[in-house]
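Every chain is numbered from 1, with letters handed out A, B, ... down the list of sequences. In this text the structure is predicted, and so the values were computed from the model without any measurement.
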Protein chains: 2
Amino acid sequence: MAPAETRRRILEVAFRLFHEQGYHATGIATILREANVNSGSLYHFFSSKEDLLVGVLEYALEELDPQVMARVRERTADPIERIFALLDQYRSMMVFFGCRMGCPMGNLALEVADDLPEARRLIHQNFVNWTRHIKGWLDEAADRLPARLDREQLANFVLTVMEGGIMQSRASGDLAPYDDSVAQFRNYFDSLLTLADIESGRPIGTNRVPVFASEDAK
Amino acid sequence: MAPAETRRRILEVAFRLFHEQGYHATGIATILREANVNSGSLYHFFSSKEDLLVGVLEYALEELDPQVMARVRERTADPIERIFALLDQYRSMMVFFGCRMGCPMGNLALEVADDLPEARRLIHQNFVNWTRHIKGWLDEAADRLPARLDREQLANFVLTVMEGGIMQSRASGDLAPYDDSVAQFRNYFDSLLTLADIESGRPIGTNRVPVFASEDAK
DNA sequence: CAGCCACTTGATTGATCGATCAAATATGGT
DNA sequence: ACCATATTTGATCGATCAATCAAGTGGCTG
């Protein structure tokens with residue numbers, strides 16, 4: 001077998017198992033079996049289980065754009081709709097897994113952040129990486145948004161809504177809480193767009209009208 | 001020692017350790033040591049570690065109102081401000097623990113929901129219990145909110161914001177993401193209050209004006 | 001006082017945990 | 001071809017895991 005390919009195979013299997021079962025619940029033996037690797041090989045590339053986790057988190061950092069964000073860019077052109085397309089993509093994942101597993105980064109954040117400082121730093125980096133894409137899309141649509149809006153804060157809020165919604169849907173075993181969270185966020189977003197319309201003298205509804213204001217806007 | 005007190009002591013210690021370290025990372029031996037109990041006693045009350053977790057979740061279900069919600073009710077009278085007082089109470093907890101540990105229920109939701117069906121059900125019940133309080137406060141303030149607002153959906157959204165914000169703050173080791181999430185939610189909430197003012201013919205700003213609309217409202 | 005049952009003691013189980021290491025093999029450079 | 005280094009093999013380690021159980025203690029009831 002190719003040498004450099006082994007390391008990548010270990011990372012992919014470990015990433016998947018950490019996602020499926022969590023960090024502590026995943027034994028080294030399981031990783032070895034599913035990756036068809038002996039323990040010596042794994043410990044040749046990674047000095048410990050914690051070091052393996054660090055490798056996985058660096059791997060995730062590299063794969064976010066090609067594996068996740070690229071698909072959104074292909075499918076959706078409008079920067080604002082890209083945000084909701086991304087939220088819908090996570091929804092599809094939840095459908096595929098039957099409301100299980102959730103967000104791999106969110107899971108690790110709550111499981112290991114306190115005890116593994118290096119892992120915590122990289123999880124944070126992954127979140128920053130994620131929200132940077134959102135922030136970029138918000139910047140692209142800056143002229144459609146209120147001038148005083150803190151777009152970075154709003155970008156973080158998108159992640160908050162996504163993670164909070166997924167958590168509730170995993171707990172309930174139902175997509176409704178996730179859908180409801182996105183619906184509330186959509187409503188908030190539409191109110192921002194409407195405000196920007198007023199601000200810049202455009203006719204209200206140039207962008208989109210929040211559901212609670214639709215009567216007044218007519 | 002009093003007999004029935006042992007069970008409660010085990011539950012309290014287990015709840016604290018699950019919160020501090022997580023479910024899988026907490027060994028039975030640690031629980032026994034910190035609760036000053038022998039293994040036989042623990043297994044007299046709980047048939048397995050999973051059964052102990054179920055006990056902890058039922059215990060949490062009982063303690064939410066007296067330990068968490070009661071303080072909010074005492075401190076704050078206005079139903080809407082109670083929501084933000086609750087969010088501020090979780091903030092205080094994060095300050096106290098230095099952005100560690102987070103929400104005990106949220107942690108368990110992401111760690112065990114997939115593998116322990118009974119635990120998942122009870123975690124869901126805890127979330128339902130939490131949001132029912134919020135829903136109650138929103139209903140109290142129904143006349144200040146838009147008529148078409150789905151108050152249950154909004155109540156779930158409060159939990160979404162809280163959990164998503166805490167996750168990000170644990171990952172970053174900083175309270176800013178949590179504060180930012182609450183700030184964005186406050187802004188959304190204020191826009192709802194303003195909309196209700198318009199809807200019912202009250203002067204705008206009777207309740208509160210969102211930061212992005214303050215210029216227009218004058 | 002007798003007897004029952006709830007509760008406690010604490011040593012011990014087999015399984016699994018993460019990790020080690022000497023030996024064998026493969027690879028790449030000269 | 002040869003050496004040095006990179007990688008793989010797989011048995012094995014002590015520690016820790018959740019869980020068991022026979023023996024004991026203490027309190028309550030009849």
Of B:H44 and A:S47, the one whose closest DNA chain C nucleotide lies more 5': B:H44
Ring centre gap for B:Y178 and B:Y90 strictly below 6.0 Å: no
Do you see a donor-acceptor pair shorter than 3.5 Å between the side chains of [X] and [Y]?
| X | Y | result |
| --- | --- | --- |
| A:Q168 | A:S181 | no |
| A:D174 | B:H124 | no |
| B:N156 | B:R151 | no |

Touch class at under 4.0 angstrom, heavy-atom based, for A:G40 against every strand present: base
Sugar-phosphate only, base, or nothing, as touched by A:T30 at under 4.0 Å among non-hydrogen atoms: nothing
Integer-rounded Å distance: [N] [atom2] and [X] [atom1]:
| X | N | atom1 | atom2 | result |
| --- | --- | --- | --- | --- |
| A:H24 | D:dA18 | NE2 | P | 12 Å |
| A:L32 | C:dT16 | CG | P | 15 Å |
| B:R8 | C:dC7 | CZ | P | 16 Å |
| A:D115 | C:dG18 | CG | P | 15 Å |
| B:L42 | D:dC17 | CG | P | 14 Å |
| A:F46 | C:dT20 | CZ | C1' | 18 Å |
| B:R33 | D:dA18 | CZ | P | 12 Å |
| A:I10 | D:dT9 | CD1 | P | 10 Å |

Ion pair check, A:R120 and A:E111, cut-off under 4.0 Å: no
Out of [options], which has the shortest distance to the side chain of [X]?
| X | options | value |
| --- | --- | --- |
| A:I28 | C:dG18, D:dT7, C:dC17 | C:dG18 |
| A:N38 | D:dG10, D:dA19, C:dA19 | D:dG10 |
| B:K49 | D:dA19, D:dT7, C:dG18 | D:dA19 |

No-H, no-angle donor-acceptor pair, B:S41 side chain to C:dA6 base, under 3.5 Å: no
Side-chain-base donor-acceptor pair under 3.5 Å for B:S39 and C:dT9: no
A:Y43 vs C:dT20: side-chain N/O to OP1/OP2 distance below 4.0 Å: no
